[in-house]
2 protein chains.
Amino acid sequence: MPSRLEKARQAPDSMKGRILEAARRLFGEYGFSGVTTRMLAKEVGIDISTLYYHWGEKQDLYEAVMADLSCEIRGKLREIERMVRGAALSHRLEVAIEVMCDWLFEHPEAAKLMLSSYMGKSRSAPDTHVPIKEHIANIAVAMGLALDTAHVPARANARVLTVWNSVINFTAGEDFFRPLLGVNRNEYRSVVKETLKFILIPAFARSSAA
Amino acid sequence: MPSRLEKARQAPDSMKGRILEAARRLFGEYGFSGVTTRMLAKEVGIDISTLYYHWGEKQDLYEAVMADLSCEIRGKLREIERMVRGAALSHRLEVAIEVMCDWLFEHPEAAKLMLSSYMGKSRSAPDTHVPIKEHIANIAVAMGLALDTAHVPARANARVLTVWNSVINFTAGEDFFRPLLGVNRNEYRSVVKETLKFILIPAFARSSAA
DNA sequence: AAAAGAGTCCATCATTTGTTGGAAATTTAT
DNA sequence: ATAAATTTCCAACAAATGATGGACTCTTTT
């Protein structure tokens, strides 16, 4: 039996990887309690016990999904940090919004999983939050809102969180917001990016000029 | 047996009202699938069948919760509209943020319910979204982003949605964000308001001056 | 006081759900 | 080719869950 504490990424064509991928999609769509082991097995096209064989209990699988996601987010943020290092603040923000939106629009489950991780308790106790705290602190420093990641003022963190949340929201909620705006997929994506830049950049540009 | 299509608000001391209140709290906290009829009954301190007697199936109760919430939101938005009618745009925004935050901080389940209504599908089909579309359009007109509620550009709606979502997020996610900022309840509330005003007002003030 | 009605609870049922043991099938090693 | 290990499926179980019928209690009406 394969280890359940496996940290390495799963090959997407392996059974273990296929299960993880389906779990991510379904957990993102219906939440932890909204997904049954039978739904998962059916989605992958396998028997329930095969699922248990690879990942153990439902909660273990959920935790694996969150750990995997967390790892991916961390990588993405580092990538962005590398891209904008040394640039002007408004340019940094613009690139960050652009890149995060592009990625999250292609992985809406990721945004949904993070949202339910922030907002939702579950009586079945998968308290596996994505460890976003460090990332927020890093971004705050990168944006010049703080001098050192160990001492970031609450105000600075709150400002970063506002940006972060706005991106997560529009990507996670596309199915609900897009009909509301009456636009197609491509239009939605460009309107969202435009709006986020329009709203978020001026505030920070001003504070950086001051 | 009382009608299940009852539209009027329930007296908060009646059994039907107490059940609705508990349902709102629990559905907000754990989501539709995360709440069992037994949890609900226990929360109110009654038997399961009493619950069924008053509200029928679980889905009916959930829909009642959402309808009630929707009604309350509508009232709150009208109240805000009345308060800021005729004022300058930046003042309108400030008051709207202030009042909505105050109310949602006192009713965090409301914010959580709306979020899960936007983001989450459920296989048990309570597709009862809060009809936010009209409200967003009204706000857009009130903010001078559109001339008439029937023809609001997607851009305008998207901007209003950004504001709306930011407020919802910080109020719904207090339990997660507050430890992250390392502040107490009162500090959190004031930091959130300050941050929202700091970020959201400049963008609109600029566009209004142009 | 008696009857009618409304509200609550107990016991129970049928399904769903998480989970497991063990047999069959498939792959890998010898 | 044969044995060993790995992977998959079938069948089943116990607990949890949504839902209901009927008895009991309390209030209101006549």
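Every chain is numbered from 1 and lettered A, B, ... according to where its sequence line falls, protein lines coming before strand lines. Values below: every heavy atom of this structure, side chains too, minus hydrogens, waters and symmetry copies.
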For A:His54 and D:dT8, is the shortest distance between a side-chain N/O and OP1 or OP2 below 4.0 Å? yes

Using whole Å, what does the distance between atom [atom2] of nucleotide [N] and atom [atom1] of [X] come to?
X       : N      : atom1 : atom2 : value
A:Tyr62 : C:dG18 : OH    : P     : 14 Å
A:Met39 : C:dT16 : CE    : P     : 14 Å
B:Ile48 : D:dG21 : CD1   : P     : 15 Å
A:Asp60 : C:dT20 : CG    : P     : 10 Å
A:Leu51 : D:dC9  : CG    : P     : 11 Å
A:Ile19 : D:dT8  : CD1   : C1'   : 11 Å
A:Trp55 : D:dT7  : CH2   : P     : 13 Å
A:Asp47 : C:dT20 : CG    : P     : 14 Å

5' priority, DNA chain D, between B:Ser49 and A:Gly45 [closest heavy atom]: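 It is A:Gly45 whose nearest nucleotide is closer to the 5' end.
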
Take A:Arg38 and A:Ile46, find for each the nucleotide of DNA chain D with the closest heavy atom, and name the residue whose nucleotide sits nearer the 5' end.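 First, find each residue's nearest nucleotide; the 5'-ward one identifies A:Ile46.
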
Using a cut-off of 4.0 Å on non-hydrogen atoms, how would the nucleic acid contact of A:Val35 be classed: base, sugar-phosphate, or nothing?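 Sugar-phosphate contact only - A:Val35 comes under 4.0 Å of backbone atoms but never of a base.
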
Please work out whether the ring planes of A:Phe27 and A:Tyr62 are parallel, tilted or perpendicular, with thresholds of 30° and 60°.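 Answer is perpendicular, since the angle exceeds 60°.
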
Take the angle between the ring planes of B:Phe105 and B:Tyr188 and call it parallel below 30°, perpendicular above 60°, tilted in between.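 Taking B:Tyr188 first and then B:Phe105, their aromatic rings stand perpendicular (interplane angle over 60°).
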
Do B:Tyr30 and B:Met39 make a side-chain contact, defined as non-hydrogen atoms from C-beta onward lying under 4.5 Å apart?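 SC-SC contact between B:Tyr30 and B:Met39 confirmed.
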
For the student: nearest non-hydrogen atoms of B:Ala23 and B:Leu40, plus distance: CA-CD2, 3.4 Å

Nucleotide nearest [X] when distance is taken to its side chain, options [options]:
X       : options               : answer
A:Glu57 : C:dT8, C:dT19, D:dT7  : C:dT19
B:Tyr52 : D:dG18, D:dT7, C:dT17 : D:dG18
A:Tyr53 : D:dT8, C:dA6, C:dG18  : D:dT8
A:Thr37 : C:dG18, C:dT8, D:dA19 : C:dG18

Pick out which of A:Thr162, A:Ile199, A:Leu200 makes a side chain to side chain contact (heavy atoms under 4.5 Å, CB included) with B:Leu200.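 Single side chain to side chain contact (heavy atoms under 4.5 Å, CB included) partner of B:Leu200 among A:Thr162, A:Ile199, A:Leu200: A:Ile199.
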
